[in-house]
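Please read these numbers as outputs of a predicted model, since none were measured by experiment. In what follows, every chain begins at residue 1, and chains take the letters A, B, ... in the order their sequences are listed.
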Amino acid sequence: MIRVEGVPGLYAKRFAELETQCSDDGSCWLGPLRQQAMQSFEAQGFPTTRLEEWRYFDLGPLRKTELHHVHDRERVNLRRETLAGYHVHCLPGALLVFVDGYFEPVLSATRSLPAGVEVRDLATAIRMQPDLLGEHLGRYAQVERNAFVALNTAMLYDGAFVHVPRGVVVDSPIHLMFVSTGTRGPTVSHPRTIVVAEEGAELTLIEDYVSTTDDVYFTNPVIEIALAPNARLEHYKLERDSKKAFHVAGMAVHQERDSRFASTSISFGGHLVRNDVSCMLDGEGAECTLNGLNVIGEHQLVDDHTRIVHAKPHCTSEELYKSILDGFAEGVFNGAIVVAKDAQKTSSQQTNRNLVLSRHALMNTKPQLEIYADDVKCSHGATVGELDEDASFYLRTRGIDADTARRILTYAFANDVLGRIVIEPLRKTVESELFAFIPVGLDTKQPC
Amino acid sequence: MATPLLQVHNLNVEAGGNRILTGIDLEIAPGEVHAIMGPNGSGKSTLAHVLAGREGYDITAGEVLYEGRNLLELEPEERARGGVFLAFQYPVEIPGVNNTYFLKAAVNAVRKHRGETELDAMDFLALVKEKMKLLEMDDSLLNRPVNEGFSGGEKKRNEILQMALLDPRLAVLDETDSGLDIDALRIVARGVDSMRGAERSFLVVTHYQRLLDYIVPDHVHVLANGRIVKSGGKELALELEEKGYSWIDDEVVKEAR
């Protein structure tokens, strides 16, 4: 038996508090789910690097950091002006803001949503919609597979709930902003997001993690997404945490037939960042696209683990992950593709490209294909390289100095992932974050 | 005779321990067009790249003066800003960098160095479109990544476009004619020809005489085994065309004896 490292007492304490207050907040029906998750978390403990899945992700620093949960009564009142600089400029659509894990209605706006579309905080949904929520909550993100999904589920309290009814198209993106303030010291939050798109529904969702502190905190989000037949979700995740933050996230997507899911995940921030993504293609004709761009330096580490399961025939998946690593940064990409025995005519393509700018930076990349069907088209490729010397020389012979040439080529490397960000205001925001890393003198400040 | 724009004295170059150029002497006066011809592997492209500042070559002896200054101690971008331009034999594809952005960055880097005001987007576009018209280039090439997916002819025209925009004093054309069909060649040559003037000099490196029908040189040098084995007027190019390069080998052998 694997010896479990001790689970820090703060989680047991928080778990007990949630149990006690459940009759006040109407979450007692979650009791069994939380209990099962807590047991699973206690059994698994924090993963150690002895586990293959966590080989490059040393949780030592997280284990050593003393954290606590922000209590209801000590919520931080974040001023609107404070947040202004973090908004995605010119972005239309609904906005839900969460501060240190709690929904903040004053900073949020859910106007102009089509009839029947629900975009609200999870705490309210737990109280008001146990039936609908009960059908999805905890069904896709499996606690026994991942200790941090278990932890999030055991600590389940608030987050976002998005429900788009059959055939409804939401034109403007739904923006979920998770802010960590550090005002109450090193805190931990476990936001949970549930997205349900009924048959033929279409929406765009942005998960955005920001901080108003440069200090340490721990965010442990989990998002579960259920796409009914022919539903379509364009998903973005923008992770711009503090450079000292811990961010250990899970995303589980369940796709029925002909549904389409496209996700682009961008990471700039965080000290230790982990993204566990799992997509279950559980109906014929489903399509899943996962894009990723990590731009990190110093001692940052971003670890992307993706797992796409082709459970049914005629499904398509495509992955493009890129990392730019400077300083002492470390990147991990582990892309698992599982093709079930009956999933004939599967088409799957995986690409991982990495640009290493410093000789101290490091990239670990591993494709992991498990194919049990015989009539499939699966390809994968990974590269780790430096900037192209020929291209740099070419730019310099045109009068562009060496440093600018380096920046232009770094930007160029990121450009194809940026090009997949369909929402213009979001792409501009990501570009300006990128230019903070590699200024190239392009003006991105434009009127809406 | 005017002070030479470029003076190459006894230039010896090695790469990876192999001797590539041996004792090159060359002087180019303002307004002159010099052609360097020679068989494959003679060192023509090395000379072009050494002038532009590519790393990876050891200059074991000799000097290169440009406008009387030591060219070899300058970074590639300093040479470019100072008016040295290299049109590449194989223009580099740069995926992810928009051609307009690239051209504008280059033009403004050079203008800034010359103390001229940088061009804004509107002025730049007007300038670039005017130059493109001369080269019969499609506007759509502006919105594509630098050289990516360009045909051979489009790439070479893009080189000449850059030359026209950067307005150099010394333009080194490295086998700009290679791989071009006759129509593309004519367009490229016309672009080059339109830039000839009393203050601008050209060093045209080519394998074929054909280009020199359109860009008529003042001097022709024959490079073989890393040395200039023969120099002459434009008629030398015709002689080469007629006899091929084999007679040079004979002369080199004779000389060695």
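Judged by the 6.0 Å distance and 45° axis criteria, R407(A) is not positioned over the aromatic ring of Y411(A).
No side-chain donor-acceptor contact under 3.5 Å links T60(B) and D58(B). In the model, Y90(B) has no side-chain atom that pairs as donor or acceptor with a side-chain atom of E175(B) under 3.5 Å.
With a 4.5 Å cut-off on non-hydrogen atoms, A121(B) does not touch chain A at all. Contact of F102(B) with chain A is made through backbone and side chain together, with heavy-atom distances under 4.5 Å. N147(B) touches chain A through its side chain: at least one heavy atom from C-beta onward sits under 4.5 Å away, while N, CA, C and O do not. Within the 4.5 angstrom heavy-atom criterion, atoms from both the backbone and the side chain of R54(B) approach chain A. Heavy atoms closer than 4.5 Å to chain A are found in the side chain of V110(B), but not in its backbone. With a 4.5 angstrom heavy-atom cutoff, P168(B) does not touch chain A via any of its atoms. When heavy atoms are compared at a cutoff of 4.5 Å, V146(B) approaches chain A solely by way of its side chain, counted from C-beta outward.
Shown here for E330(A) and N364(A), the closest heavy-atom pair between the two residues is OE2-ND2, 3.7 Å. Closest approach of S267(A) to V273(A), counting heavy atoms only: OG-CG1, 4.2 Å.
Between chain B and the options D401(A), L409(A), D388(A), heavy-atom pairs under 4.5 Å are most frequent for D401(A). Among G53(B), A106(B), P76(B), the residue with the largest count of heavy-atom pairs under 4.5 Å with chain A is P76(B).
A salt bridge links E318(A) with R420(A); the closest basic N to acidic carboxylate O contact falls under 4.0 Å.
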